[in-house]
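None of the values given here were measured: they were computed from a predicted structure.
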Amino acid sequence: MNVVILCAGFATRMYPLTENFPKPLLEVAGKPVLDYLIEQIVSLPDLLAVHIVTNDRFYDHFQHWYLNKKKGGDFGTISVHIYNDGCVDNENRLGAAGDLLLALREIGKPCRLLVSGGDNIYLFPIKPLLEIFQRDKVHCIPALVETDPSKLQKTGVLEFADDDYVTKLHEKPAQPPSMWTSPPLYFFQPSVWHRLENFLATVGNHDAPGYFIDYLCQLERVKALKLNASRLDIGDIKTYQEADRLLGQKPLELDNLEKLFYR
């Protein structure tokens, strides 16, 4: 399995903090946001490599971060690749789907993928979700409950069939159809290679990854893994400061594994 981490956004809502510095490398409780994800990823079984996609403005920042972590032995024997998508400003960005395709072309051979945004701190363990993905042999995405209507209007909201397979993903809906949100964490089977190519060739919106998930679930089975869990989404300065305050008061503890899945 390969891991792709999307870090090519310009985070304009967090200016001036992110005008000349990438959001995933901002420190929360003393370490970069991205480190929280990396600490989980390096312990996953059957991992071939980690592929990080960033932009031209922040490429050097990620190279510096990587070299420091490699020097400290944080990646062990895992191969890490950092790609520059060539974008220099927010107006001309490739979008999440375009950056994902760049990584897939670099990987070359279709395989199973774990794809994540680089600006979320997941408060749940990723490994149990990976085990279900490997067992069931379908695409999988976690689903988290959100009861605040204003937050639902700012994220991807899921609709399901009775068997918990996704029928539609609504990106930032004015009228949310459920309380189930989709964080930017996706487990893809190898068929995602040609599905993504077709999506980019036929669908207009390439920005938020939720648009591709909505497209994919119309064509293939996408299983929702309903979790009793949460995340810290670093979306603006307020949520960044709140994450820093929360984890500064209490170190990160992943949600109880025994009660992880919603029943």
Which of Val222, Val192, Ile126 passes side chain to side chain contact (heavy atoms under 4.5 Å, CB included) with Phe187? It is Ile126
*Same cluster for Leu144 and Leu152 if Ile/Leu/Val/Met/Phe/Trp/Tyr side chains link at under 4.5 Å?*
no
Here the gap from Leu44 atom CG to Ile78 atom CD1, rounded to the nearest 0.5 Å, amounts to 8.0 Å
Nearest heavy-atom contact between Tyr83 and Leu102 is CB-CD2, 3.6 Å
Minimum side-chain heavy-atom gap Leu114-Leu130 below 4.5 Å: no
Would you say Asn90 and Arg93 are linked by a side-chain donor-acceptor pair, where the criterion is simply a distance under 3.5 Å?
yes
The test is side-chain contact (heavy atoms from CB on, under 4.5 Å); show your working for Phe124 and Leu185 and say whether it passes.
CA-CA 12 Å; Phe124 53 87; Leu185 182 67; 3.8 Å; yes
Are Val4 and Ile107 close enough that some pair of their side-chain heavy atoms sits under 4.5 Å apart? yes
Quick note, ring pair (Phe, Tyr, Trp, His ring centres under 6.0 Å) partners involving residues 86-106, not counting sequence neighbours, are none
Members sharing Val88's hydrophobic cluster, built from side-chain contacts under 4.5 Å between Ile, Leu, Val, Met, Phe, Trp and Tyr, are none
Is there a side-chain contact between Val53 and Leu100 in this structure, where contact means two heavy atoms from C-beta onward sitting under 4.5 Å apart? no
In this structure, CZ of Phe188 is separated from CG of Asn2 (nearest 0.5 Å) by 14.0 Å
Check whether any side-chain N or O of Thr155 sits under 3.5 Å from a backbone N or O of Thr181 as a donor-acceptor pair, and report yes or no. no
Sequence neighbours excluded, the answer for side-chain hydrogen bond (donor to acceptor under 3.5 Å, both in side chains) partners of Arg57 is Tyr15
Taken to the nearest 0.5 Å, the spacing of Leu216 CG from Arg221 CZ works out to 12.5 Å
Between the CG atom in Leu104 and the NE2 atom in His194, the distance rounded to the nearest 0.5 Å is 12.5 Å
For Met179, does the CE atom sit with more than 12 other heavy atoms under 6.0 Å from it, leaving out its own atoms?
no
Under 6.0 Å between ring centres, would you say that holds for Tyr66 and Phe75? yes
All heavy atoms of Trp193 vs all of Gly108, minimum pair found to be NE1-O, 3.4 Å
Check: Checking side-chain contact (heavy atoms from CB on, under 4.5 Å) for the pair Ser191/His139: CA distance, chi angles, key distance, verdict?
Finding: CA-CA 9 Å; Ser191 62; His139 308 293; 3.4 Å; yes
Residue pairs meeting salt bridge (Lys or Arg N to Asp or Glu O under 4.0 Å), one or both in residues 133-142, sequence neighbours left out, come to Asp136-Lys223
Val166 and Ala224 have their tightest heavy-atom pair at CG2-CB, 4.0 Å
message = If you count every heavy atom of other residues, nucleotides or ligands that lies below 6.0 Å from Gln175 atom CD, does the total exceed 12?
response = no
*In the single-linkage hydrophobic clustering (I, L, V, M, F, W, Y; side-chain heavy atoms under 4.5 Å), do Val138 and Leu196 co-cluster?*
no
The complete set of salt bridge (Lys or Arg N to Asp or Glu O under 4.0 Å) pairs with one or both residues in residues 163-186, sequence neighbours excluded, reads Asp164-Lys226, Lys168-Asp214
Would a distance-only check, ignoring hydrogens and angles, find a side-chain to backbone donor-acceptor pair under 3.5 Å from Asp119 to Pro24?
no
Residue pairs meeting salt bridge (Lys or Arg N to Asp or Glu O under 4.0 Å), one or both in residues 61-72, sequence neighbours left out, come to Asp35-Lys69, Lys69-Asp74
Residues at least two apart in sequence or cross-chain that pass side-chain contact (heavy atoms from CB on, under 4.5 Å) with Ser182, listed by chain then number, are Ile141, Leu158, Leu169, Tyr186
Treat each ILVMFWY residue as a node, draw an edge where side-chain heavy atoms are under 4.5 Å apart, and state whether Tyr165 and Trp180 are in one component.
-> no
*Is there a side-chain contact between Pro45 and Met1 (heavy atoms, below 4.5 Å)?*
no
Distance col, row Arg13:CZ vs Ile234:CD1, nearest 0.5 angstrom, shows 11.5 Å
| Would you say the side-chain atoms of Asp244 pair up with the backbone N or O of Ala29, donor to acceptor, closer than 3.5 Å? | yes
Residue pairs meeting side-chain hydrogen bond (donor to acceptor under 3.5 Å, both in side chains), one or both in residues 99-115, sequence neighbours left out, come to Arg105-Glu197, Arg112-Gln189
Query - Any side-chain heavy-atom pair of Thr54 and His61 under 4.5 Å - result: no
Those residues at least two apart in sequence (or on a different chain) that pass side-chain contact (heavy atoms from CB on, under 4.5 Å) with Thr77 are none
In terms of heavy-atom contacts, Gly9 and Asn55 come closest through O-ND2, 3.5 Å
### Message
What I'd like to find out is whether the side chain of Asp233 reaches to under 4.5 Å of the side chain of Pro183, using heavy atoms alone.
### Response
no
*Taking everything shown except His64 itself, do over 12 heavy atoms lie less than 6.0 Å from its NE2?*
no
Would you indicate whether the side-chain heavy atoms of Asn120 and Pro184 approach each other to under 4.5 Å? yes
CG (Asp89) and OG1 (Thr12) are apart, to the nearest 0.5 Å, by 11.0 Å
When every non-hydrogen atom of Thr202 is compared with those of Asn198, the smallest separation belongs to OG1-O, 2.7 Å
Across all chains, not counting sequence neighbours, the side-chain contact (heavy atoms from CB on, under 4.5 Å) partners of Pro173 are Val157, His170, Pro176, Pro177
Worksheet item: Is the closest side-chain donor-acceptor distance between Asp56 and Asn84 under 3.5 Å?
Response: yes
Handout entry: Expected output: side-chain Tyr36 to main-chain Val28 donor-acceptor under 3.5 Å
Key = yes
Q | Phe58 and Phe10 aromatic ring geometry - parallel, tilted or perpendicular at 30°/60° bounds | A | tilted
Smallest heavy-atom separation, Leu37 atom then Gly117 atom, equals CD2-O, 3.8 Å
Q. Are Lys23 and Val33 close enough, and set up right, to give a side-chain contact (heavy atoms from CB on, under 4.5 Å), and what steps lead you there?
A. CA-CA 8 Å; Lys23 179 169 61 168; Val33 172; 5.9 Å; no
(request) Anything under 30° is parallel, anything over 60° is perpendicular, the rest tilted; go ahead and classify Phe62 against Trp65. (result) perpendicular
Sorted by chain and number, sequence neighbours left out, side-chain contact (heavy atoms from CB on, under 4.5 Å) with Asp148 holds for Glu146, Ser150, Lys151
Within the structure provided, determine whether Glu39 and Lys31 are in side-chain contact (heavy-atom separation under 4.5 Å). yes
Members sharing Leu48's hydrophobic cluster, built from side-chain contacts under 4.5 Å between Ile, Leu, Val, Met, Phe, Trp and Tyr, are none
Would Ile41 and Leu123 show up in the same hydrophobic cluster when neighbours are defined by side-chain heavy atoms closer than 4.5 Å?
yes
